Q: 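I have a structure here, written as structure tokens, and I will follow up with some questions on it.
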Amino acid sequence: MAEEMTQEQARIEPSSGVRAVAREELSKRRIWVPLIRVAVIGGFLGLWEAASTWWMEPFLISSPSRIVNSMIQGFQSGDLMHNTWVTFQEIAIGFPVGAICGIALGFSFGRSKNLAEIFEPIIIALNGIPRTALAPLFIVWLGIGLWSKVGVVFLLTFFLNFFNTYAGMRQMDQEYVDLARLMGAGRWKLTFRVILPAIAPYMFTGIRTSIPFSVIGAIVGEFVAATEGLGFFIRMSAGLFRTADVFVGIIVLMFMVIAMDKIAEMIERKALRWQARTDHVTIQG
Amino acid sequence: MEQDDPLSESGIVTLETVVREPGANAPVIKVENATKAFLTPDQGAMVALQDINLDIPYGEFVTVVGPSGCGKSTLLKLIAGLTPLSGGRILYQGAEILGLNTKVGYVPQESKLFPWLNLEENVAFGLDKKRYPRQQREQQARHFIKLAGLTGFEKYYPAQLSGGMGKRASIVRALAYEPPVILMDEPFGPLDAQTRMILQDELLKIWEQKRQTIVFVTHDLVEAVALADRIVVMTHRPGRIKDVLRVGMKRPRDIFEIHRQDGFDRAYGRLWNIFRHELNIKRA
Ligand SMILES: Nc1ncnc2c1ncn2[C@@H]1O[C@H](COP(=O)(O)OP(=O)(O)OP(=O)(O)O)[C@@H](O)[C@H]1O
Ligand SMILES: [Mg+2]
């Protein structure tokens with residue numbers, strides 16, 4: 001506590017030499033990793049193009065060049081844009097609402113033993129239903145338009161977020177809550193400064209695992225009955241043997257998932273800055 | 001998490017905490033026949049503490065020593081109201097503790113800093129917005145961070161601090177908001193001898209200014225004597241109070257020369273006698 005013991009204060013700034021070595025190692029890896037990656041992807045695309053040119057029917061497997069063409073056409077005609085927008089809307093409503101409801105319920109279950117005891121078996125039973133099988137029912141209930149798909153997206157998102165948040169609540173260290181309360185934390189402070197941050201890693205796991213499922217929900221809904229949307233677009237294109245368009249739809253969906261995950265990852269990184277991050281467990285070397 | 005806090009909410013204990021009462025002989029904490037049993041893994045009962053009686057007057061520095069597993073941590077948890085009693089009762093300022101006792105500060109055996117808050121936020125956690133306006137909050141946090149020798153690490157997260165640094169931070173987190181009673185569970189346990197002495201010295205200095213009531217668990221006999229007004233000696237399972245020794249050393253004390261101070265040898269000798277007795281029993 002006295003001045004003498006502040007040895008740590010003399011923080012060791014790595015000498016420029018040390019840093020240069022570290023940076024060099026890093027940059028060596030930075031060059032190699034994407035280089036190999038690009039080679040793998042390029043090889044795959046080349047093989048695909050070759051296969052469709054010489055060995056297989058293009059209408060079965062299409063080809064990268066055909067897909068690029070279709071995509072450009074699709075965007076130019078505005079058709080693809082429109083279908084993408086429709087699907088995006090379904091997810092943009094269903095996903096956040098599902099995630100928030102799931103997190104809220106998981107949180108309440110963790111806070112209230114009674115609630116958990118009454119409803120846990122029911123929730124687990126409901127979870128046993130293959131949820132995509134409910135999609136036709138949603139069409140019956142909510143119509144052929146936007147809301148039936150929002151319903152399916154909600155359902156798929158909700159349970160994953162619920163279970164992860166609830167798992168987080170159950171493993172929460174009671175001692176943190178006790179300490180905070182001893183230090184005079186009220187309900188509000190306890191929730192936002194202690195419990196939510198403590199379970200945040202679980203919440204983010206829920207959010208990030210539910211992202212692809214929310215997209216699956218939208219597509220399944222559109223497969224069942226729809227007049228627009230990427231799921232509708234894919235189904236219709238397949239029916240007309242426009243294989244390239246099928247791939248275009250799949251690729252757009254893929255990018256949708258990637259974009260959502262990147263955004264979630266960014267927020268997660270910010271929110272979980274406090275965690276000592278291990279990217280890879282080092283076993284050797 | 002669910003249980004409410006009857007003490008603060010029913011207003012039995014007033015919010016304005018009294019550190020030094022005029023009638024300073026009245027105990028701030030009174031433990032009456034406290035018993036605590038735990039459920040064992042095979043559904044039996046294990047008595048951790050049995051018939052504990054203890055009065056702690058205002059402003060006293062009490063140390064608790066005893067073999068590992070004798071229930072020292074459990075005793076602190078009972079006083080803080082973190083776990084319910086199996087029998088007997090504990091009074092805080094004459095009122096029975098029925099829920100969490102928010103008048104006590106608690107330094108747990110592991111540091112238990114909130115990993116998601118940085119050092120500064122951790123230390124300032126107990127500083128109530130109403131009692132401390134923003135500027136004062138910051139000032140107070142800074143002051144205590146400096147006391148812990150952690151200036152410069154304000155923005156560090158607990159995962160980025162060493163074990164000893166975390167321990168120091170955890171101690172000042174409890175000191176910073178100045179609760180009238182502080183319970184410390186082997187706070188200097190994992191520290192090296194040098195750091196330990198410096199912290200003991202610093203703790204005594206703070207205590208001599210503020211005269212908060214401190215209950216301090218330790219397994220180090222020298223530490224127990226050096227800090228205490230009274231030493232509570234506990235026996236092995238089931239934990240009982242074997243003896244309470246008064247340490248007759250003058251204050252302020254010089255931690256670094258504690259062995260040479262008048263009364264140290266006598267107090268230590270008595271404490272050691274009790275312990276030696278315990279050892280003999282075990283050998284027989
Ligand atoms: N939550 C619990 N459930 C069951 N048994 C417990 C629990 N907490 C403590 N005990 C038991 O109570 C006894 C006393 O534990 P306690 O932690 O109070 O010991 P201690 O005196 O603090 O020991 P140490 O010096 O090693 O910290 C031990 O035998 C322990 O097994
Ligand atoms: Mg203990």
Side-chain angles (χ1 to χ4, degrees), chain A residues 1-13 107-117 168-170 172-204 268 270-278, chain B residues 1-2 5 8 77 80-83 99-108 110 112-118 121 125-129 131 144 146-153 157-162 164-165 168 170-174 176-177 179 183 194-195 198-199 201-203 205-206:
Chain A
M1 292 199 179
E3 299 304 324
E4 306 90 85
M5 56 163 306
T6 54
Q7 324 91 313
E8 292 98 332
Q9 274 181 41
R11 263 172 297 164
I12 300 160
E13 285 296 328
F107 180 79
S108 325
F109 268 44
R111 294 280 314 204
S112 160
K113 214 173 172 167
N114 290 334
L115 200 67
E117 271 174 13
M169 288 297 283
R170 273 190 309 193
M172 160 117 212
D173 189 340
Q174 179 71 41
E175 204 155 8
Y176 288 128
V177 176
D178 292 341
L179 273 170
R181 293 193 63 209
L182 279 180
M183 285 191 275
R187 200 162 274 276
W188 187 264
K189 194 169 179 184
L190 197 60
T191 304
F192 288 96
R193 294 285 275 176
V194 180
I195 298 176
L196 287 183
I199 63 166
Y202 287 80
M203 276 163 47
F204 277 107
E268 183 181 14
K270 267 239 163 79
L272 302 185
R273 234 175 353 191
W274 51 270
Q275 276 190 327
R277 278 175 54 89
T278 346
Chain B
M1 236 155 55
E2 284 265 284
D5 178 8
S8 64
K77 284 186 182 150
L82 291 176
T83 148
L100 220 54
N101 182 2
T102 53
K103 295 302 166 302
V104 305
Y106 188 71
V107 182
E110 302 95 45
K112 292 284 172 181
L113 293 169
F114 301 116
W116 48 87
L117 300 180
N118 65 30
E121 294 165 330
F125 191 93
L127 301 175
D128 187 22
K129 287 213 169 74
R131 262 179 64 193
F144 277 92
K146 187 162 173 233
L147 273 186
L150 293 171
T151 307
F153 291 90
Y157 287 101
Q160 300 164 319
L161 301 173
S162 77
M165 291 161 84
R168 273 138 62 191
S170 148
I171 295 165
V172 292
R173 175 176 64 172
Y177 68 104
L183 312 174
Q194 194 185 348
T195 309
I198 293 165
L199 287 182
D201 181 56
E202 208 59 55
L203 178 63
K205 279 189 189 135
I206 295 169

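What's counted below: heavy atoms across the whole structure, side chains too, no hydrogens, waters or symmetry copies. Because the structure is a prediction, the values reported are computed rather than measured.
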Q: Taking all atoms of both residues into account, what is the closest heavy-atom pair of B:Thr102 and A:Arg181, and its distance?
A: CG2-O, 3.3 Å
Q: With rounding to the nearest 0.5 angstrom, report the OG1 to CD distance, B:Thr83 to A:Gln174.
A: 10.5 Å
Q: Non-hydrogen atoms of chain B under 4.5 Å away: do they reach the side chain of A:Ala200, the backbone, both or neither?
A: neither
Q: Tell me the closest heavy-atom pair linking B:Pro108 and A:Leu179, and the distance in Å.
A: CG-CD1, 3.9 Å
Q: Please classify the contact of A:Ala198 with chain B as side chain, backbone, both or neither, using a heavy-atom distance under 4.5 Å.
A: both
Q: Is the closest basic N to carboxylate O distance between A:Asp178 and B:Lys77 below 4.0 Å?
A: no
Q: Measuring heavy-atom distances to chain A, does B:Glu110 have an atom under 4.5 Å in its side chain, in its backbone, in both, or in neither?
A: side chain
Q: Who wins among B:Gln194, B:Glu121, B:Gln160, B:Arg173 for the most heavy-atom pairs under 4.5 Å with chain A?
A: B:Arg173
Q: Which distance, rounded to the nearest 0.5 Å, do you find between the CZ of A:Arg273 and the OH of B:Tyr157?
A: 3.5 Å
Q: Say whether, by atom type as modelled, one donor and one acceptor occur between the side chain of B:Trp116 and the main chain of A:Gln275 under 3.5 angstrom.
A: no
Q: Give the minimum heavy-atom separation between B:Phe125 and A:Val194, together with the two atoms involved.
A: CZ-CG2, 3.7 Å
Q: With rounding to the nearest 0.5 angstrom, report the CG to CE distance, B:Asp128 to A:Met183.
A: 12.5 Å
Q: Can you tell me how the ring of B:Phe114 sits relative to the ring of A:Tyr176, calling it parallel under 30°, perpendicular over 60° and tilted otherwise?
A: tilted
